[in-house]
Each structure stands twice: as structure tokens, then as C-alpha cells.
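Just so it is clear, the structure is predicted and the values come from calculations on it, not from any experiment.
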Amino acid sequence: MKFEDLTEENNFWKLYALTRKIPDSKDNVLIFIVSYIIFFSYNYDGLKIEVDEFDRVKDALKLLLSTLLSIMGFILAGYAIFATLTDKELQHELADHIEPTTKLNYLKYSHCIFIRILVDLLLIAFLSLLFFAFLEMANGISFEIEVLISIIEPLVYALMVLILMLCKSFIYNVYHSIMTSMRWYSENNQ
């Protein structure tokens with residue numbers, strides 16, 4: 001492996017493109033879709049949106065944004081600890097092996113699975129902020145707004161479920177990284 005390859009992602013968008021090489025977790029996607037369908041079905045009542053529902057969606061978006069920012073802080077701290085404490089010899093060894101699905105070396109792959117969760121959370125936060133700004137700017141309730149709210153409200157709740165699923169993935173990734181590190185240590189110190 002060429003050491004220059006380690007730093008070829010020299011801006012956020014190149015890092016983002018790299019993280020997109022990692023496939024979505026099938027169970028996260030499935031649970032997100034199923035939860036959206038359930039929330040939409042439960043919420044659907046002929047598109048009769050009342051003013052209190054309009055405010056309820058804005059309140060749910062506020063909750064979603066504040067929850068997201070808190071979770072992102074914890075996950076970023078967890079990733080920083082992982083990156084700092086992972087044995088440098090192990091990371092060097094990982095750089096010399098290729099992960100078969102993504103064709104990334106395992107060093108980049110193992111870091112990108114953490115970064116991918118942060119990027120997904122950042123995208124959810126951006127989308128939520130756009131929804132909130134749109135609802136704040138909407139004057140009165142027209143038919144188009146009723147349709148959008150009937151779509152946005154279940155989407156907000158499904159995004160909350162997705163955030164929980166991303167946290168589940170983060171927990172597994174931390175566990176798997178620790179076990180990989182311990183296995184590597186054990187195999188190299190016998």
C-alpha cells in the first residue's frame with residue numbers, strides 16, 4: 001500500500017463519497033421503510049390537518065433536531081476515542097488488506113463505518129432543518145401543505161426510528177472493532 005493513499009480524501013465531499021461505498025444496513029433500511037408505512041397508515045385520516053397537528057409536526061422536528069445533535073456529539077466522542085486508542089500497528093496492518101465488498105483497505109473501511117453513521121445523522125439533521133424551515137415559512141394551511149404535512153409527519157417519526165437503528169449500528173461497530181483488536185493482539189502475541 002502507498003502511504004499517500006491514506007490521505008487522498010482531502011475534503012469532506014471526497015470522504016462522503018468514500019463512505020457511500022459502504023452498503024446500507026439492510027435491516028436499518030427495512031425498519032425505516034416499515035416504520036414510515038406504519039406511521040403513515042396510522043396518521044392518515046383523509047388529509048384533514050388541523051392547526052395543532054401543524055404545530056405538533058414542528059415540535060417533533062425540534063425534538064428530532066435536538067436529539068440528533070446530542071447523539072452526534074456522543075458518537076463523535078466515541079469515534080475519537082476509538083481512533084485514538086486503536087493500536088497503530090493494527091491500523092497499519094489493516095491498511096495492507098482489502099475489504100472485498102467495497103474494495104477499500106480495512107483501515108479506511110473500519111473508519112468509514114463510523115464516519116458513515118455520522119454523515120447519515122448529519123444528512124437527517126439537514127433534512128429535518130429544511131422541513132422545519134419550510135413549515136415555519138408556510139402561511140396558513142392550504143391543500144398542498146396538508147398533503148406535505150401528512151407525508152412529513154410520519155417521515156419525522158420514521159427518521160427517529162432510523163436514528164435509533166443507526167445508534168444500534170454504532171454499538172455493534174464499536175463492539176466488533178474491540179473484538180477485532182483483541183483477536184489481532186491475541187494472534188500476534190502467542
Side-chain angles (χ1 to χ4, degrees), residues 9 11-83 111-176:
E9 293 78 37
N11 65 48
F12 176 81
W13 300 111
K14 289 180 182 178
L15 176 61
Y16 173 75
L18 191 68
T19 65
R20 297 316 301 173
K21 290 182 179 183
I22 297 172
D24 290 319
S25 167
K26 289 181 180 137
D27 62 330
N28 288 2
V29 172
L30 178 65
I31 290 174
F32 169 72
I33 291 169
V34 168
S35 65
Y36 179 78
I37 291 168
I38 290 169
F39 288 124
F40 184 81
S41 299
Y42 180 75
N43 193 44
Y44 185 77
D45 63 357
L47 300 178
K48 294 184 192 257
I49 304 297
E50 303 294 329
V51 174
D52 62 332
E53 290 179 81
F54 188 79
D55 291 336
R56 190 178 69 216
V57 174
K58 290 194 308 187
D59 290 343
L61 281 164
K62 288 177 191 176
L63 175 64
L64 179 63
L65 281 167
S66 65
T67 301
L68 264 169
L69 295 176
S70 298
I71 289 173
M72 285 176 68
F74 282 112
I75 288 179
L76 188 55
Y79 171 69
I81 292 168
F82 159 77
H111 284 272
C112 280
I113 59 174
F114 288 102
I115 297 295
R116 171 72 188 267
I117 291 171
L118 284 163
V119 169
D120 286 348
L121 292 172
L122 187 63
L123 290 172
I124 294 169
F126 182 72
L127 182 64
S128 300
L129 187 59
L130 286 178
F131 287 157
F132 186 78
F134 172 76
L135 293 174
E136 279 291 307
M137 291 185 291
N139 291 328
I141 296 178
S142 67
F143 175 74
E144 294 81 19
I145 296 297
E146 289 177 0
V147 171
L148 285 174
I149 287 177
S150 69
I151 293 169
I152 291 173
E153 185 175 21
L155 182 58
V156 169
Y157 298 124
L159 287 172
M160 289 181 187
V161 171
L162 180 59
I163 291 168
L164 294 174
M165 296 305 295
L166 291 171
C167 289
K168 177 254 334 164
S169 295
F170 180 79
I171 292 166
Y172 173 77
N173 293 340
V174 168
Y175 168 81
H176 185 64

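Residues M165 and V29 have side chains not in contact (no heavy-atom distance under 4.5 Å, counting atoms from C-beta outward). For the pair V119/L123, a side-chain contact is recorded, criterion being any heavy-atom separation below 4.5 Å from C-beta on. At least one side-chain heavy atom of L127 sits less than 4.5 Å from a side-chain heavy atom of L159. With contacts defined as side-chain heavy-atom distances shorter than 4.5 Å, the pair H176/I113 does not qualify.
Aromatic ring orientation, W13 versus Y16: perpendicular (interplanar angle above 60°, classes split at 30° and 60°).
A salt bridge is absent between D55 and K62; no separation between the charged side-chain nitrogens and carboxylate oxygens falls under 4.0 Å.
For the residue pair A83 and H111, the shortest heavy atom distance occurs at CB-CE1, 3.9 Å. Between L64 and S128 the shortest heavy-atom distance is CD2-OG, 2.9 Å. Nearest approach of A158 to F39, heavy atoms of both residues: N-CD1, 3.8 Å. Contact between L166 and I117 at its shortest, heavy atoms only, is O-CD1, 3.8 Å. When all heavy atoms of T19 and R116 are compared, the pair lying nearest together is O-NH1, 3.3 Å. Closest of all the heavy-atom pairs between F170 and Y79 is CZ-N, 4.2 Å.
Annotation: the span from M72 atom CE to L122 atom CG amounts to 4.5 Å, rounded to 0.5 Å. Between the OH atom of Y36 and the CD1 atom of I151 there is a distance of 5.5 Å, given to the nearest 0.5 Å. Interatomic distance, L164 CG to S35 OG, rounded to the nearest 0.5 Å: 9.5 Å. Summarising the geometry, atom CG belonging to D27 is positioned 14.0 Å from atom CZ belonging to F32; distances are rounded to the nearest 0.5 Å. With rounding to the nearest 0.5 Å, the separation of CG in L121 from CG in L69 is 10.0 Å. Taking CG from L76 and CD1 from I115, the interatomic distance works out to 7.5 Å, rounded to the nearest 0.5 Å.
Atom OH of Y175 is surrounded by 12 or fewer heavy atoms from other residues, nucleotides or ligands within 6.0 Å.
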Requested in this report: Show your working on side-chain contact (heavy atoms from CB on, under 4.5 Å) between F131 and L155 and close with a plain yes or no.
Outcome: CA-CA 10 Å; F131 287 157; L155 182 58; 3.5 Å; yes
